[in-house]
Amino acid sequence: MIWPAEQLAQPPGAPLPAGYTLRTYQPGDEQAFYRLMDKVGWHDWDDARLRPWLYRILPEGWFFIFEQGSGQMVATSMATHDPTWEQPFCGEVGWTAADPAHAGRGLGRAVVAPVVARLLAGGYTCIHLYTEEWRLAAITVYLQLGFVPYLKAESAREKWKQICEQLARPYTPAQWRVG
């Protein structure tokens, strides 16, 4: 999915639900991050896996949401430099996760919106993200924020047609970017 060129001057807004706090990375957040990633099914996060990502995360670009009552990390997302052959100055919304016990509260939108804003503030005119087609809740969040499908390969058209059917959304490939 990509952030549309016509929205480069408009970072998305998303309210932070009551009872939660948003902040950027502080040294020592790693263990809470690993626990959160484990909760969402990514069980292999540790210092070795994180290390290469630390070189790509923009300064003040790793966001977390904490539940105020418990102090537990409940959502995360990264603004990373992600060059491609076609776009050497591309940014990525990466490793977005929200604790399933807090589902339905808007945490995904609340943690991704500042990531997009950080990438835009950093001058990125190419912003993308990757997600699996079965992560319908995540896709819904990205669409609500303003991301659009990227039809780089012909096979993407059929996948997006199925996704749109599953989400009961209009299938409008003429409005999306084709690679």
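When reading the values below, keep in mind they use all heavy atoms of this one structure, side chains included, and skip hydrogens, waters and symmetry mates.
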So [Y] and [X], do their side chains get closer than 4.5 Å, heavy atoms only?
X      : Y      : result
Val111 : Leu107 : no
Val74  : Leu36  : no
Trp95  : Tyr130 : no
Leu136 : Leu167 : yes
His102 : Glu67  : yes
Asp38  : Trp45  : no
Thr80  : Leu58  : no
Pro12  : Val112 : no

Please report the interatomic distance [atom1]([X]) to [atom2]([Y]), rounded to the nearest 0.5 Å.
X      : Y      : atom1 : atom2 : answer
Met78  : Phe33  : CE    : CZ    : 4.0 Å
Gln72  : Asp99  : CD    : CG    : 7.5 Å
Thr96  : Arg135 : OG1   : CZ    : 10.5 Å
Met37  : Asp46  : CE    : CG    : 12.0 Å
Leu119 : His128 : CG    : NE2   : 9.0 Å
Phe66  : Met73  : CZ    : CE    : 4.0 Å

Query raised in the report: In this structure, which one of Leu143, Ile139, Leu145 forms a side chain to side chain contact (heavy atoms under 4.5 Å, CB included) with Val141?
Result: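 Of the listed options, the one satisfying the test is Leu145.
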Going by distance alone, is a donor N or O of one side chain under 3.5 Å from an acceptor N or O of the other, for [X] and [Y]?
X      : Y      : value
Trp62  : Thr76  : yes
Tyr25  : Glu30  : yes
Arg157 : Tyr171 : no

Measure across [X] and [Y] and return the closest heavy-atom pair with its distance rounded to 0.1 Å.
X     : Y      : answer
Asp82 : Arg56  : OD1-NH2, 2.6 Å
Leu22 : Ala110 : CD1-O, 4.2 Å
Pro83 : Pro88  : CB-O, 3.2 Å

Query raised in the report: Does a side-chain N-to-carboxylate-O contact under 4.0 Å join Lys161 and Glu158?
Result: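 Answer for the salt bridge query: no.
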Query - Sidechain N-carboxylate O distance under 4.0 Å for Arg23, Asp29 - result: yes
Query raised in the report: Are the side chain of Trp160 and the backbone of Cys164 linked by a donor-acceptor contact shorter than 3.5 Å?
Result: no
Common cluster, [X]/[Y], ILVMFWY with side-chain heavy-atom separation under 4.5 Å:
X      : Y      : result
Tyr150 : Val116 : yes
Val115 : Val148 : yes
Leu8   : Met1   : yes
Phe63  : Tyr34  : no

Report task. Compute the ring centroids of Phe147 and Trp3, then answer whether they are less than 6.0 Å apart. Result ->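 So the answer is yes for these two rings.
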Query raised in the report: Quick one: side-chain contact (heavy atoms from CB on, under 4.5 Å) partners of Gln87, sequence neighbours excluded?
Result: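 Expected list: Thr84, Cys90, Cys126, Arg177.
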Query raised in the report: Do any pairs count as a side chain to side chain donor-acceptor pair (under 3.5 Å) and have a residue in residues 116-126, sequence neighbours left out, and if so which ones?
Result: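 Every side chain to side chain donor-acceptor pair (under 3.5 Å) pair that includes a residue of residues 116-126, provided the two are not neighbours, is His81-Tyr124.
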